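Everything quoted here is computed from the prediction, not taken from an experiment. Scope of the values below: all heavy atoms of this structure, side chains included, with no hydrogens, waters or symmetry mates.
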Amino acid sequence: MLDRIREGSQSFIVKAILVLIALTFALAGIGGYITNQPEPSVAVVNGEEITRVEFDRAVENERARQQEQFGDFYATLAADPGFNRQLRQQVLDDLINQKLVEIYSRDAGLRVSDEQVKAAIREISAFQVAGQFDNTTYQMTLSGLGYTPDGFAELMRRDLARTQLLQAMVESEFTLPSEAAAVQRLVNQKRSGAYTTLELDKYIDAVEVADAELEQWYQENQQRFNVAEQVKVEFVQLDADVVAESVEIDERVVREWYDNNQSRYQTDDRYRFAHILIEGEGEAAEKEAQEVLTKLTEGADFAELAAEYSDDIFTAEAGGDLDFIEEGTMDPAFDEAAFALENVGDITGVVSTSFGYHIIKLTDIEEGSSTSFEEVRDEIVAEMRDSRVKQAYYELQQKVSALAFDIPDTLQPVAEETALTVRQSDWFNRDSAPTALNHPAVMEQLFNRDFIDEGLNSDLIEVNDKQAVVARVVDYKPASTKSLDEVRAQVLDNVRTEKAQAAAREDAEAMATQLRNGESLDVELIALEAIDRRNSEVPRAVVQSLFEQAVPAADSVQVAVTELNSGALAVVQLTDVMAGEVDDAMQAQMAEQLTNSFTQQSYGAFIEALREEADIEIRLDARGNTTE
């Protein structure tokens, strides 16, 4: 099954679908499964909860993914409350879908064998070192999460069961060669025809507009002239990067710090061990361990005995190798016995631990090393600078906060005491704020009516880890609608344009009727000879109209009227359709694209059916707060 999953999961759409079943790890994180404390839930799906912890981790993970995808532009997106609402809703929908698939898989009786679980665990990159499964990393990771190997294996078992279900759906879709060829012929189709355009300029000059028409158009489109509430503010901006410019690091201090912290730049000797584990707590297990030890003392090979007797399935095949481990990472009894060995090849007696009975062998010693001052000097300087910048920035925040609070109706004392500049903004609304103020928390404060009426300094508002502002509204304009007199020129222009378009459309429809009746036109048509859908030399609207028209019958003429981006009208006639050529080299790619499309449709229909039959309770409001 795992081989088939791997083989069938290479296309883009398959990867997109299969990533949903990985939400347990990639989005919600493993930690959500290991707490026994009741957590607030954001949704209940068929009686099973999706916890707030899962949801918050999923949101943060998705934000990190999008930040990596969009780069610097992500900051602009993240400042938009609508974007954040949409992100939270998408993550919640994904978690609900994942839960539905999990429940369906379980109810369908899908099962995964122990061998499949072991193979899947070995392939998880978090448990690998240099591309190979590392048992020490595996044990340490699970230990750090407070998770037992058996519990984690059960979690993997459920995840793989969901994978089986989705993989079966993915592999059930296919595309016939004839289908791929038919789509190619359609996509590569070429069409011929002709067109002419009716520009608005000659119509606009002939348009007459009465005052009553202006008034009527203004009343019908008054919302176009709504003006959002606006503010003018004065503010100071705190920037850690600016603070950093004044921070200097004394070279003598750097050297002194290195001398006093050399332990940070020295590595201790590393020890590598192998072991043979006999699980159990009774006399039988201890007796078996003693028998194995006897064989070792008689000269038997440790690796061969590990492969034959060890109950540690992840190390037995490698001769019991545990790789290099640090003291304190294993069971205390194990650590005490293992690190008491002095020479490579030394073997302990039988060691009793909470996992069973071990026989441990020291297989390698790697001597420690020391890093010179010259090698780490830049690193130390960077750490010192970072620490001092953070401290200086924190102190500046405290000072600004105190000054802004003590003298709340002006920011001038802040400027005088800190050398920060008080900046004055122009009028702006929620959608046109200056960059320094364009943050949801700042906008919420500046457009709060109580805050506006007070006219006092705000508290320190952190925009991000490195920037903060203190602001005060100095003037305010409530939301309003511009009067007709203010926008008369704009209204006149719109009315004239609409009337010109109506006149042009009337003429265009008359031309189209003439062509359908086989009559000639007074204007010359521009010929279109065998153009394809990707043609960029002809106006895009003309190309779209040409390919949207039905294939003309032998005794009919196909004509349509379309509007160009400029507002002009075009009369487009279709005269001939030529089937596209089939490119054999593109057949496989086209078939894959169609299969991916079919798979996406099937998956969407499957999820929609599950949601229609499910009992789903959403406990999250539009602001992202739980409502239970």
Tell me if the CD atom of Glu342 is crowded by more than 12 foreign heavy atoms within 6.0 Å. no

Taking the basic N atoms (NZ, or NE/NH1/NH2) and the acidic carboxylate oxygens, is any pair closer than 4.0 Å for Glu383 and Arg264? yes

I'd like to know if the side chain of Asp409 and the backbone of Leu456 have a donor-acceptor N/O pair within less than 3.5 Å. no

State whether Phe373 and Arg255 meet the cation-pi test: NZ (Lys) or CZ (Arg) under 6.0 Å from the six-membered ring centroid, and within 45° of the perpendicular axis. yes

More than 12 heavy atoms of other groups within 6.0 Å of Gln86 CD: no

Asn46 side chain to Ala614 backbone, donor-acceptor under 3.5 Å: no

Has the side chain of Ser458 got a donor or acceptor atom that lies under 3.5 Å from a matching backbone atom of Ala471? yes

Restricting to non-hydrogen atoms, name the atom on Lys466 and the atom on Asn464 that form the minimum distance, rounded to 0.1 Å. N-OD1, 2.8 Å

Is any side-chain heavy atom of Arg611 closer than 4.5 Å to a side-chain heavy atom of Ile96? yes

Decide, yes or no, whether a salt bridge links Glu374 with Arg377 under the criterion of side-chain N to carboxylate O below 4.0 Å. no

What pair of heavy atoms forms the shortest contact from Ala126 to Thr141, and how long is it? O-OG1, 4.3 Å

Any chance you could lay out the side-chain hydrogen bond (donor to acceptor under 3.5 Å, both in side chains) test for Asp94 and Gln90, step after step, and finish with the verdict? CA-CA 6 Å; Asp94 287 344; Gln90 181 61 53; 3.0 Å; yes

Does a donor on one side chain sit under 3.5 Å from an acceptor on the other, for Asn448 and Glu444? no

Check ion pair Asp364-Arg270 (N to O, under 4.0 angstrom): no

Shortest non-hydrogen contact from Gln266 toward Ser370: CG-OG, 3.8 Å

CG of Asn565: more than 12 outside heavy atoms within 6.0 angstrom? no

Does atom CD of Glu367 have more than 12 heavy-atom neighbours from other groups under 6.0 Å away? no

Take Thr435 and Asn438, measure what side-chain hydrogen bond (donor to acceptor under 3.5 Å, both in side chains) needs, and give me the verdict at the end. CA-CA 5 Å; Thr435 301; Asn438 191 12; over 6 Å; no

Check: Ser401 side chain, Gln398 main-chain N or O, donor-acceptor pair, under 3.5 Å: no

Does the Asn457 side chain pair with the main chain of Ala404, one donor and one acceptor, at a distance under 3.5 Å? yes

Is there a side-chain contact between Met330 and Phe355 in this structure, where contact means two heavy atoms from C-beta onward sitting under 4.5 Å apart? no

Determine, using ring centers only, whether Phe314 and Phe127 are less than 6.0 Å apart. no

Do side-chain atoms of Ser597 reach the backbone of Gln593 as a donor and acceptor pair under 3.5 angstrom? no

Just checking Gln424: does its CD atom have more than 12 heavy atoms from other residues, nucleotides or ligands closer to it than 6.0 angstrom? yes

Given side-chain hydrogen bond (donor to acceptor under 3.5 Å, both in side chains), test Gln467 with Asp239 step by step and report yes or no. CA-CA 5 Å; Gln467 293 178 320; Asp239 192 325; 3.2 Å; yes

Nearest atoms (heavy-atom pairs only) where Ser483 meets Tyr218: CA-OH, 3.5 Å

Determine whether the side chains of Thr329 and Glu326 contain a donor N or O and an acceptor N or O closer than 3.5 Å. no

With distance as the sole test, does Lys99 use its side chain to make a donor-acceptor pair with the main-chain N or O of Ala43 at under 3.5 Å? no

Should we say atom CG of Asp406 is surrounded by more than 12 heavy atoms from elsewhere, each under 6.0 Å from it? yes

For Lys482, is the NZ atom crowded, meaning more than 12 foreign heavy atoms sit under 6.0 Å from it? no

Spell out, as yes or no, whether a donor-acceptor pair under 3.5 Å connects the side chain of Arg385 to the backbone of Val247. yes

Testing the basics here: between Val117 and Ala153, what is the closest heavy-atom pair and its distance to 0.1 Å? CG1-O, 3.7 Å

Counting only heavy atoms not in Glu68 (residues, nucleotides, ligands), do more than 12 fall under 6.0 Å from its CD? no

If we only count heavy atoms from C-beta on, is the Arg272 to Val344 side-chain gap below 4.5 Å? no

